[in-house]
Amino acid sequence: MQQDYDPQQIETQVQQQWQDTEAFKAVEDSEKEKFYCLEMFPYPSGKLHMGHVRNYTIGDVISRYQRMLGKNVLHPMGWDAFGLPAENAAIENKTAPAAWTEQNIENMRGQLKRLGFSYDWDREFATCEPDYYRWEQWFFTQLYERGLVYKKEAEVNWDPVDQTVLANEQVVDGRGWRSGALVEKKKIPQWFIKITAYAEELLASLDDLEGWPDSVKTMQRNWIGKSVGAEVVFKVDQVAGAEDLRVFTTRPDTIMGVTYLAVAADHPLAVAVAEDNPALADFRQQCQQTSTAEADLETMEKLGMPLGINAVHPVSGEEVPVWCANFVLMTYGTGAVMAVPAHDQRDYEFASKYEIAIKPVIFPEDGSDAPAGEAYTEYGVLGNSGEFDGLESEAAKEVITNWLAERGLGEEQVNYRLRDWGVSRQRYWGCPIPMIYDEAGEAVPATDFPVELPTDVVMDGVGSPIKKMASFIDTLHPQTQQPAQRETDTFDTFFESSWYYARYCCPDLDTAMLDQRANHWLPVDQYIGGIEHAVMHLLYARFFHKLMRDVGLLDSNEPFTNLLTQGMVTAETYYRFNESGKREFFNPAEVELEHDDKGGVLAARLADGSSVEIGGVEKMSKSKNNGVDPQSMIDLYGADTVRLFTMFAAPPDQSLEWNDDAIAGASRFLRRLWNLFEQHKETLAEVRLAPIADPTAMQNVAREAKALRLVTHTITQRALRDYERKQFNTVVAAAMELTNAVEKADWNAMGDAASAVLSEACYTLVKILTPVTPHLCEYLWQHYGTQERGLNDAWLSVDESALEKDEVTYVVQVNGKLRAKLLVAASAEKAEIEAMAQADSNVQRFLNGLTIRKVIVVPNKLVNIVAN
RNA sequence: GCGAGAGUGGCGGAAUUGGUAGACGCGCUAGAUUUAGGUUCUAGUGUCUUGCGGCGUGAGAGUUCGAGUCUCUCCUCUCGCACCA
């Protein structure tokens, strides 16, 4: 009597067992090698999306694989619970952000459990809990004591109608998303942490991160943006009291080509001049009307206005006009740049537009002409540069920098693109910044942790409720005990996500931020998350780790040894234009496709027969209505199928296209696997799943038995390799191939060896698939596995003797084109193979009339006969 | 604009890292079984010729006996750009 595969029943049963036996509880153990596997924790937005499912399945596969290798695995999960969406939801639903967040966590935790992830749930926490954020408040005050925290004015997006600060995300086409008002830049005082003090180390230690993708390391290097150059002084004597202009340049060799200077709209010189220059004041005003996003600044039209004053060129002594320009960033370097239109493309375009002189001073070394109509940005030989003529760029940089330094007009300088981390947010749903202001407005660190965020609030949509909450604000000065006021800004939520990985090591600790358990588990051996975090989150976490080290909380230098950046989850989009000419999107679940004879898509229709346009594959999103709810897939197929599909459809670091037919295929495979075991249930129950104990006994068995063993062990070899390189799609493909081979095997022809060979193949299948589809494999193991050992107690090994072949297939090419295949004895000599290849009749045909020039033999692979 | 990736059948992808392009799966075609459905099984499936063979990994060049893989130029798409997380 065969049973049907019932994933829902198997999965709940197995999950219950895992829970009862505390199967994934992590306990420090100095005897076993530790492995800390971590996925980026989710923002509790309401329910899991496919990106989460993919991220956490990858992490679970790695965790379970490492567990099977015998390691002591820590695999925690928690919630990145502070953030903007909770405030928006609170305004919309008239609930407090805390309750909304808690409800979402509840819901998503249930979904994660249903997917069977091997988390140690005892370590779970949410970052909005005072027991968590009190320690980052304490830590912030430690940084303050160490001089790594300071306050300065910085720009925010200001909505002049709603009178509120907007996130970049809330600025759409330069306007506030609710009010529609033109957004302005506004300066307000904010807290900063000196990440620039760690720029050099953050840059240098990237070289040690061998387990990180090169692309991420390159992005971080570029983000830090170290450049070596010179600071050059241009004297300004036309404006009373004005300071000299200091500019940073990476190309001091081009200094004689400077034809103007440009300062940011906010530069003190521009501010001073604008006082009695209305046109310039207007221009400055115009520059304020934009968002603070760099992408916006860089893509807007480059505009400028002359200040009407000149600066003195430090070498030639000539007068150079000073301009105010919207593309000069006050936050990079000194807020002023020297412009060399002949050798910088942006300067060139600006100079052309405003008819400023272009003076070439660098020329190609080979004496050729520089291309016309654009800047010549290469290195070369100096000309038109007075005493520096004839020097090469590289040498000239040093000579000119020294020349300036000797005269007090400049010096060599290293500059970073990286800016200090502004951590102040004028929002409610975040961790309160633990600072207290005395009556004179002087700030001191709080000492009463946690500085608890009041959760009983009403969001009115205009500003943070704690900003007018006296019970929160009014306090006493920690030293003088005089009346004082609390800071009402909260931390950037990157603050919480910068150290959560460490807190998982000791989530219950109530006397300190971290203890020795952190040194036991850290660094994280495998970190997994979206590529969109390549720079910011990962850089802040690296920074925080080094800070925690320097405060004495940790021993290691870096938080994450290996990093896997997963691709996004995409799906086909379908739309049609509605009456108002806007695209109306339809969910792929509502669309049926019409195919031609070759399987190509001809048309897409809704259930009512009306046709819709095919919009192309895009990232799953609400706006494109192409999301697939993981819950519906779990309900339909079970967790193992969802896990199998997400692993099989694409390698982890590439984008994954969702396909409803293909997930049905994954389900079909598990059913086939189930049926395979059902079909052989008597044999398997008797011999039990096991590798072959004595491979030498297999030397003289029937060739069919040997053939299946060859498949089993070739597949094992591939699966081992692919687990190691984290290419799980081919791990699944290998298991499918082995399943195909077992299904087709001729058991009668194997004779006595049949049951042992079957047992070995099925054992291999269960082991290979356990990390991916743990529920089914656990069930099969409990029914057919050896009783003495658990499923995770041993991993697979390859029996080399099973891989030995008597004969090898050689490919024979003539001039690189395939002309024959030869079955050659494995022991054959090179000369013998060459002769066989040349003797082949088809090869002969293509060699006819040609002279053989060369014969290349690649052992066990191919012969290429070169002839003409 | 700047920085980083990716382009292989109708589709997702594979290719032991310079050596048979298309594993595995989806879709499609034909057949069988069940017999109404999105069941299961068998065979086929890059393309043009349907004989041998020619062509084929975004486009174009180059290196090599040999290139999806290495080099250069170009095109398209995706991600990030400091207050979304």
Side-chain angles (χ1 to χ4, degrees), chain A residues 40 42-43 45 80 83-85 156-157 165-171 213-216 218-219 221-223 225 292-300 302 327 331 346 418-419 421-422 424-427 492-494 497 530-537 539-540 565 567-568 570 572 593 595-602 616-619 645 648-651 653-666 668-669 671-672 675 717-718 721 727 729-730 732-737 740 809-813 815-818 821 842 845 853-856 858 861-862 864-867:
Chain A
M40 290 178 187
Y43 177 78
S45 53
D80 188 14
L84 206 46
V156 293
N157 300 311
V165 177
L166 298 177
N168 281 337
E169 189 194 46
Q170 297 171 320
V171 180
D214 288 335
S215 59
V216 174
T218 307
M219 279 190 266
R221 276 188 199 104
N222 292 337
W223 184 268
T292 58
E294 194 180 298
D296 292 342
L297 294 171
E298 292 285 333
T299 46
M300 71 190 177
K302 308 286 179 286
F327 58 85
T331 47
R346 189 169 64 183
L418 182 70
R419 309 200 290 260
W421 181 9
S424 295
R425 296 292 180 272
Q426 297 69 47
R427 311 198 188 290
D492 176 5
T493 55
F494 276 125
S497 57
I531 183 69
E532 67 271 23
H533 296 292
V535 176
M536 302 190 63
H537 161 63
L539 190 65
Y540 289 138
T565 50
M568 61 194 173
T570 62
E572 190 63 76
L593 297 179
H595 295 273
D596 63 18
D597 279 3
K598 288 176 180 172
V601 176
L602 286 174
V617 174
E618 305 244 21
K619 181 175 181 172
F645 173 74
F648 179 55
D653 56 351
Q654 287 181 32
S655 69
L656 180 155
E657 188 184 324
W658 192 265
N659 180 320
D660 276 334
D661 289 318
I663 190 171
R668 186 153 51 229
F669 168 69
R671 210 157 52 232
R672 268 176 53 207
N675 290 338
Q717 199 173 37
R718 272 164 47 192
R721 185 196 70 204
Q727 187 172 289
N729 54 327
T730 48
V732 175
M736 288 172 169
E737 278 183 65
N740 292 344
T809 304
Y810 273 81
V811 165
V812 184
Q813 298 177 331
N815 289 329
K817 289 203 193 316
L818 174 68
K821 287 184 185 181
N842 203 43
R845 208 159 62 81
R853 301 291 173 200
K854 201 176 183 183
V855 179
I856 291 145
V858 182
K861 282 218 173 84
L862 66 69
N864 188 15
I865 301 168
V866 185

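Please read all numbers here as calculations on a predicted model, not as lab measurements.
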Quiz item: Does G616(A) offer a backbone N or O that forms a donor-acceptor pair with the side chain of E572(A) under 3.5 Å?
Solution: yes
Self-check item: Interatomic spacing from CE in M40(A) to OG1 in T565(A) - rounded to 0.5 Å
Solution: 8.5 Å
Roughly how many Å is it from [atom1] in [X] to [atom2] in [N], rounded to a whole number?
X	N	atom1	atom2	answer
L297(A)	A82(B)	CG	C1'	12 Å
Y43(A)	C84(B)	OH	P	13 Å
E294(A)	G3(B)	CD	C1'	10 Å
N815(A)	G66(B)	CG	C1'	10 Å
D661(A)	C24(B)	CG	C1'	17 Å
K302(A)	C2(B)	NZ	P	9 Å
L818(A)	G56(B)	CG	C1'	15 Å
L539(A)	G3(B)	CG	P	18 Å

So, is [X] near the phosphate of [N], with a side-chain N or O under 4.0 Å from OP1 or OP2?
X	N	value
N729(A)	C24(B)	no
N842(A)	G53(B)	yes
K861(A)	G19(B)	no
N168(A)	A82(B)	yes
Q727(A)	A15(B)	yes
T493(A)	A85(B)	yes
R221(A)	G3(B)	no
R419(A)	A82(B)	no

Quiz item: Of A734(A) and S655(A), whose nearest nucleotide on RNA chain B comes first from the 5' end?
Solution: S655(A)
Quiz item: For T809(A) and L84(A), take the nucleotide of RNA chain B holding the closest heavy atom to each; which residue's nucleotide lies nearer the 5' end?
Solution: T809(A)
Just call it for [X]: base, sugar-phosphate, or nothing, with non-hydrogen atoms closer than 4.0 Å on any strand.
X	value
R845(A)	sugar-phosphate
P213(A)	nothing
V866(A)	sugar-phosphate
F327(A)	nothing
V535(A)	nothing
M568(A)	sugar-phosphate
L593(A)	nothing
W223(A)	base
H537(A)	nothing

Quiz item: Under the 3.5 Å rule, do the base of C83(B) and the side chain of Q426(A) count as making a donor-acceptor pair?
Solution: yes
Quiz item: Within the modelled atom types, does a donor on one side and an acceptor on the other bring the side chain of K821(A) and the base of U20(B) under 3.5 Å apart?
Solution: yes
Exercise. For Y43(A), check side chain to side chain contact (heavy atoms under 4.5 Å, CB included) against everything at least two apart and list the hits.
Key: S45(A), P85(A), A86(A), W100(A)
Self-check item: Heavy-atom protein contacts under 4.0 Å, nucleotides 36-47 of chain B, coded B base, S sugar-phosphate only, - none
Solution: --B-SS-----S
Self-check item: Bracket string, RNA chain B, 5' to 3' - pairs by Watson-Crick or G-U geometry under 3.5 Å, | interstrand
Solution: (((((((..(((......[....)))((((((.......))))))(((....)))..(((((..]....))))))))))))....
Exercise. Can you label the angle between the F645(A) ring and the W658(A) ring as parallel, tilted or perpendicular, going by 30° and 60°?
Key: perpendicular
